[in-house]
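The structure appears right after this line, and notes come after that.
Position 1 is the first residue of the sequence; numbering continues from there. Side chains included, hydrogens not; waters and symmetry mates left out as well; all remaining heavy atoms used.
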Amino acid sequence: MITVFGSINMDLIATTQRLPKPGETVAGNGFSTAAGGKGANQALAARRAGRSVTMAGAVGHDGFSDEALALLKDAGTDLQSVKRADQPTGTAIILVGGDGENMIAVVPGANGTVTAQDADRAVGAMSKGDTLMLQLEIPVPSVEQALAAARAKGVTTILNLAPLIDDAARLGRLADIVIANETEFELLAGQENMSAEDREAALKRLNAETGQTLIVTLGGDGVVAIRDGVISRAKGLKIEPVDTVGAGDTFCGYFAASLDEGIDFEPALRRAAVAGSLACLKAGAQPSIPSREDVANKL
């Protein structure tokens, strides 16, 4: 069983031929909305991967709230731990360039009302051996309390160090499994401008210090990870990305689902990397998350 404790947003997505420079205005060529938020994206990915998933978080009483939850509801996600707050539903304003790269501004709204007490309630409904997945779009005290409560209960924790915040490195030391991109991992390791050799050395050092499983996503170069002192690598698919929004969240959700299903570590990495690749092949946030069957056909 997987519980995702995190953010729920509505994504407002504009596409442009290229991303603007600071202070520059560029013409857009498309606009859409999609249910999003790193927490909700990861919950939907884990659900589409075929596992039982509970979403814990908050939305507002506004017009975006039901729309933000619609895909999760349609997928059969347990939403009883999603509270209604006296703040607007969180929003993300996303610009996607013609090369598939993106810029994102997130307005927390109701996500900012998630508390340590909400963390206790979410973890309190879990059992030893379950998986708790978290990100950093909800308040730091709630993430910290969820990690502590889960450890005391024997629940496996997966922390995605995104978005990059000041407390990311400290919180990263509290989880069983950490998933980070290259920039986030450099913060965790305390070293900038890493080469591939530097990254591998840092993975070995941190794993020896903490015993944690550490996973670094590398975009088109796949993923490198360490578990129990052993370095593993996995490649995604060779693609021309259309939109990278949601790719990292898809990786996280599929990875958590694979471990929950009992899949071994390296095949779980490969499955998650393939799922993340497929998520880049069409525009949008959550709707781009592939189905279990789509991923199986590419393995």
Side-chain angles (χ1 to χ4, degrees), residues 1-7 37-39 41-43 46 53-58 81 108 111-191 199 202-217 223-229 248-249 251-253 255-256 259-260 265 268-269 272:
M1 178 72 182
I2 299 169
T3 293
V4 179
F5 185 51
S7 57
K38 298 194 72 62
N41 283 347
Q42 292 177 17
V53 179
T54 294
M55 180 72 220
S81 294
N111 295 313
T113 72
V114 176
T115 65
Q117 289 73 30
D118 295 324
D120 285 334
R121 282 190 288 271
V123 177
M126 302 179 74
S127 301
K128 184 177 181 179
D130 286 348
T131 299
L132 177 68
M133 186 156 52
L134 308 106
Q135 322 76 33
L136 300 176
E137 285 185 336
I138 56 176
V140 166
S142 62
V143 174
E144 190 167 8
Q145 178 58 28
L147 288 166
R151 175 161 293 184
K153 200 166 185 178
V155 169
T156 299
T157 53
I158 302 175
L159 177 62
N160 177 209
L161 290 187
L164 197 58
I165 63 172
D166 291 343
D167 288 289
R170 181 177 63 83
L171 292 171
R173 296 295 185 114
L174 305 178
D176 298 311
I177 301 171
V178 176
I179 301 175
N181 65 21
E182 294 166 89
T183 302
E184 293 154 0
F185 181 70
E186 287 182 356
L187 177 68
L188 184 67
Q191 181 180 349
R199 188 181 304 117
L203 283 168
K204 290 178 179 178
R205 173 175 58 82
L206 290 173
N207 178 250
E209 289 176 4
T210 68
Q212 293 172 298
T213 296
L214 303 165
I215 301 169
V216 185
T217 57
V223 58
V224 61
I226 189 166
R227 189 177 209 183
D228 298 329
D249 295 332
F251 175 91
C252 292
F255 176 75
L259 292 190
D260 188 64
F265 184 67
L269 287 177

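For the pair D130 (side chain) and I2 (backbone), a donor-acceptor distance under 3.5 Å is absent. A donor-acceptor contact shorter than 3.5 Å links the side chain of N207 to the backbone of G229. Within the 3.5 Å criterion, the main-chain N or O of G39 finds a donor-acceptor partner in the side chain of S7. A donor-acceptor pair under 3.5 Å links the side-chain atoms of Q212 to the main chain of G172, judged by distance alone. Between the side chain of R199 and the main chain of E182, no donor-acceptor pair closer than 3.5 Å is present. Formation of a donor-acceptor pair under 3.5 Å by the R121 side chain with backbone atoms of A56 is not found in this model. Judged by distance alone, with hydrogens and angles left aside, the side-chain atoms of K153 form a donor-acceptor pair with the main-chain N or O of V123 at under 3.5 Å. When atom types are taken as modelled, the side chain of E137 and the backbone of K38 share a donor-acceptor pair closer than 3.5 angstrom.
Atom-to-atom distance recorded for D176:CG and L159:CG is 10.5 Å, nearest 0.5 angstrom. Atom CD1 of residue I215 and atom CG of residue N160 lie 10.0 Å apart, to the nearest 0.5 angstrom.
The two atoms that bring A58 and N111 nearest to each other are O-OD1, 3.6 Å, heavy atoms only. Scanning both residues, S81 and T54, for their nearest heavy atoms gives OG-CG2, 4.1 Å. Here the closest heavy-atom approach between residue G6 and residue M55 is recorded as O-CE, 3.5 Å. For the residue pair V143 and I138, the shortest heavy atom distance occurs at CG2-CG1, 3.6 Å. Of all non-hydrogen atoms in L132 and A150, the two that sit nearest each other are CD2-CB, 3.9 Å.
No side-chain donor-acceptor contact under 3.5 Å links N181 and T217.
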Determine, stepwise, if the pair L161 / L188 fulfils side chain to side chain contact (heavy atoms under 4.5 Å, CB included).
-> CA-CA 9 Å; L161 290 187; L188 184 67; 4.2 Å; yes
Walk me through it: do L259 and I177 pass the test side chain to side chain contact (heavy atoms under 4.5 Å, CB included)?
-> CA-CA 11 Å; L259 292 190; I177 301 171; 3.7 Å; yes
Would you sort out whether F185 and V224 count as a side chain to side chain contact (heavy atoms under 4.5 Å, CB included), showing the intermediate values?
-> CA-CA 11 Å; F185 181 70; V224 61; over 6 Å; no
For side chain to side chain contact (heavy atoms under 4.5 Å, CB included), just list the numbers for K204 and I226, CA-CA rounded to whole Å, side-chain angles, deciding distance to a tenth of an Å, and then say yes or no.
-> CA-CA 7 Å; K204 290 178 179 178; I226 189 166; 3.9 Å; yes
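Two residues are said to be in side-chain contact when any heavy atoms from C-beta on lie closer than 4.5 Å; L269 and F251 meet this criterion. Using a 4.5 Å cut-off on side-chain heavy atoms (C-beta onward), Q135 and D249 make no contact.
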